[in-house]
Amino acid sequence: MAGVARFPATATASAEASTVPACAGLDQLRIPASVISLPTTGGRVTAAVVKTGVVSGVAVEYCQVDADVFPVDPAAPSIKMRVDLPTGWNRKTMMFGGGGFNGTIPDLTGNVPFGPADQPAPLARRYAVLASDSGHQQSPTAVPSLDGSFGVNDEALHNFAAGDALKKTYDAARFIIRHGYGATPVKSYFAGGSTGGREALEVARRWPLAFDGVISAFPAWNNMSEILDLGYLAQVLSRPGAFPGPEKQGMLYTSVIAACDGLDGVRDNVVSNQGACHYDPRALRCPDGADTGPTCLSDAQIGAVKAMSTPFRWPYRIASGETSYPGFPFLSGADMRTPFLGFGTTAPANPMPVTSGYGLQYWEQWVRYFLTRDPGHNSLDVDPRHPGKWLDRISALSTVEDRNNVDLRPFARAGGKLILMHGSADELVSHLSTNDYYQRVRGVLGPRATHEATRYYVIPGANHANFGTPAFAASWDSLTALERWVETGRAPRDPVVTDVNHNRTRPLCEYPDWPRYRAGDPNTASSFTCAH
């Protein structure tokens with residue numbers, strides 16, 4: 001069924017189909033609530049403007065359509081969405097996911113996560129591209145994607161955390177597309193990373209007929225579990241003397257690379273053979289365990305490093321059934337040279353400094369607006385190991401944020417295809433968590449059905465969203481691979497990923513394999529083999 005349109009156009013619409021959008025006729029178009037499958041009060045197009053521009057090196061003319069989808073609760077914000085309708089439409093759609101707490105519409109001229117630097121973005125390929133802010137608008141004074149204030153409203157919270165805004169946006173966009181072109185798409189795709197990666201997995205599970213193919217990169221899929229770990233780490237790092245500053249973070253990273261880099265057969269500043277890396281941070285212990293400067297770690301700092309890189313388990317039950325988060329593999333080469341996504345440059349405090357790690361700021365926003373709904377609450381006062389009066393609220397939120405039903409059987413039966421990717425040096429979302437997701441999917445679908453519908457690649461040295469200057473800046477044309485798989489039945493075979501920062505390639509190995517050096521030019525993928 002991979003080549004069958006999920007929602008075929010009607011005969012009338014097909015007869016009137018155009019590849020040039022009727023842009024002027026879309027302005028102020030009313031979107032009936034009846035065309036949206038989840039509760040709303042309808043919506044309206046607020047602007048439709050013809051634009052021209054160069055998108056990834058290609059000149060594109062398109063109609064930029066902005067619209068609002070109205071809430072049921074008058075106190076809830078609208079979903080602000082955008083659809084770009086190109087001239088020369090290829091009869092396909094690409095929906096993008098967001099990041100962090102969302103709150104802004106993603107750049108529709110951009111590429112898919114870990115996308116190719118030398119290939120056109122979806123809009124340049126003449127996809128109709130769509131996305132939304134997930135149902136709330138970030139404060140202009142907030143750190144980008146770190147405004148959780150919408151969480152005090154239940155409808156806004158469900159739009160974001162449960163993914164309801166995704167389907168509302170999708171349905172409204174299809175209505176706009178049908179009016180713009182006189183036809184519905186023949187193929188629909190979704191791509192996202194981090195929060196967007198979680199959203200990608202959610203649309204495949206909740207609406208298995210909506211998308212033919214999905215790209216999910218570094219997905220924050222079990223959000224509640226990670227949040228609890230982040231809260232624990234905030235407490236650990238806030239202890240007197242426990243926070244390792246940026247110099248010590250760099251020292252630790254260099255020490256791990258020196259110890260574990262060559263275990264894959266070549267020294268290339270990438271730890272590929274993580275299973276063989278058994279680094280102990282006590283190798284950097286200061287004399288007598290006291291902090292004597294930036295060239296060593298105190299006992300308190302060693303304890304903090306171990307807390308970050310080992311699983312966190314909580315001694316109580318939450319409604320989602322989750323009991324742990326696997327931790328962040330800093331001792332296996334995670335990139336500590338980007339402190340904003342990891343430790344941060346200053347220790348956690350109340351209020352949380354904007355120079356603390358991204359995840360620690362995320363925790364504070366979550367505590368204030370999702371958990372306690374008290375904007376002044378001290379997030380360090382909430383102990384994820386012993387939450388006391390907050391336990392019932394944590395459990396209730398887990399049913400929204402940790403909807404960890406991994407049953408992709410309906411998606412797979414409908415011919416859906418999922419490409420899943422994660423960098424092993426991710427400092428914000430643990431790739432070990434995505435390993436767990438894939439293993440759970442395999443446990444439900446079985447090995448054969450999983451392989452027919454899913455490919456999962458762990459990319460050694462790649463960090464979160466190629467942020468900063470990662471050891472391996474991953475670039476792969478996953479969209480073309482997904483199109484070929486969905487539309488012709490040809491699954492990805494021997495894919496190669498490029499490091500655009502260092503002009504080198506590696507085989508993109510299916511999990512649990514990793515690239516082992518054999519012989520030849522270490523900058524060329526053919527010099528490596530995928531090993532267990």
Query - Residues that Arg282 engages under salt bridge (Lys or Arg N to Asp or Glu O under 4.0 Å), provided they are two or more places apart - result: Asp280
Query - Ion pair check, Arg82 and Asp107, cut-off under 4.0 Å - result: no
Report task. May I ask you to check whether Phe343 and Phe340 place their ring centers less than 6.0 Å from one another? Result -> no
Requested in this report: Enter the distance from Asn501:CG to Ser475:OG here, rounded to the nearest 0.5 Å.
Outcome: 10.0 Å
Query raised in the report: Among side-chain atoms of Asn102 and Ser145, is any donor-acceptor pair under 3.5 angstrom?
Result: no
Requested in this report: For Ser433 and Trp221, test the side chains for any donor-to-acceptor distance below 3.5 angstrom and give the result as yes or no.
Outcome: yes
Query raised in the report: Are Glu483 and Lys92 within salt-bridge range, i.e. N to O under 4.0 Å?
Result: yes
Query - Residues Lys417 and Asp212 bridged, charged N to O under 4.0 Å - result: no
**Report entry** By salt bridge (Lys or Arg N to Asp or Glu O under 4.0 Å) - contacts of Asp261 (at least two apart)
**Finding:** none
Report task. Go through the steps for Tyr438 and Tyr456 under the test ring pair (Phe, Tyr, Trp, His ring centres under 6.0 Å), then give the verdict. Result -> CA-CA 7 Å; Tyr438 179 78; Tyr456 174 36; 5.5 Å; yes
Requested in this report: Say whether Asp268 and Tyr517, considering side chains only, have a donor N or O and an acceptor N or O under 3.5 Å apart.
Outcome: no
Query raised in the report: Does the side chain of Ser255 pick up a donor-acceptor pair with the side chain of Tyr279 at under 3.5 Å?
Result: yes
Query - Glu226 bridged to Arg198 by N-O distance under 4.0 Å - result: no
Query raised in the report: Taking atom types as modelled, is there a side-chain donor on Gln119 or Asn111 under 3.5 Å from an acceptor on the other?
Result: no
Query raised in the report: Rounded to the nearest 0.5 Å, how far does CD of Gln361 lie from CH2 of Trp363?
Result: 14.5 Å
Query - Donor-acceptor pair, side chain of Asn223 and main chain of Asp402, under 3.5 angstrom - result: no
Report task. Establish, from distance only, whether the side-chain atoms of His158 and Asp164 form a donor-acceptor pair under 3.5 Å. Result -> no
Query - Test side-chain contact (heavy atoms from CB on, under 4.5 Å) applied to Val60 and Val54, step by step - result: CA-CA 6 Å; Val60 182; Val54 176; over 6 Å; no
Requested in this report: To the nearest 0.5 angstrom, please state how far the NE2 atom of His422 sits from the CG atom of Asn463.
Outcome: 9.5 Å
Requested in this report: Keeping to residues at least two apart or across chains, list the salt bridge (Lys or Arg N to Asp or Glu O under 4.0 Å) pairs with something in residues 450-465.
Outcome: Arg448-Glu452, Arg455-Glu510
Query raised in the report: Under 6.0 Å between ring centres, would you say that holds for Tyr170 and Phe211?
Result: yes
Query raised in the report: Can you check whether Gly196's main-chain N or O pairs, donor with acceptor, with Ser194's side chain at less than 3.5 Å?
Result: no
Query raised in the report: Is the centre of the Tyr362 ring less than 6.0 Å from the centre of the Phe101 ring?
Result: yes
Report summary line: Quick note, disulfide bond (SG atoms under 2.5 Å apart) partners involving residues 461-532, not counting sequence neighbours, are Cys509-Cys530
**Report entry** Test log, rule side-chain contact (heavy atoms from CB on, under 4.5 Å), inputs Tyr437 and Leu420
**Finding:** CA-CA 10 Å; Tyr437 173 85; Leu420 184 61; 3.9 Å; yes
Query - Of all pairs that satisfy salt bridge (Lys or Arg N to Asp or Glu O under 4.0 Å), the ones with a partner from residues 514-532, not counting sequence neighbours - result: none
Query raised in the report: When rounded to the nearest 0.5 angstrom, what is the spacing between CG in Asp499 and CG in Asn523?
Result: 9.0 Å
**Report entry** Approximate separation, where rounding is to 0.5 Å, of Phe411 CZ and Leu209 CG
**Finding:** 10.0 Å
**Report entry** Electrostatic pair Glu322:Arg313 at N-O distance under 4.0 angstrom
**Finding:** no
Requested in this report: Please check if any side-chain donor atom of Ser356 sits under 3.5 Å from a side-chain acceptor atom of Thr346, or the reverse.
Outcome: no
Report task. Would you check if the distance from the ring center of Trp476 to the ring center of Phe114 is below 6.0 Å? Result -> no
Report summary line: Residues at least two apart in sequence or cross-chain that pass salt bridge (Lys or Arg N to Asp or Glu O under 4.0 Å) with Arg267, listed by chain then number, are none
Report summary line: Taken to the nearest 0.5 Å, the spacing of Asp436 CG from Asn222 CG works out to 7.0 Å
Query raised in the report: Are side-chain N/O atoms of Glu401 and Trp366 paired as donor and acceptor at under 3.5 Å?
Result: yes
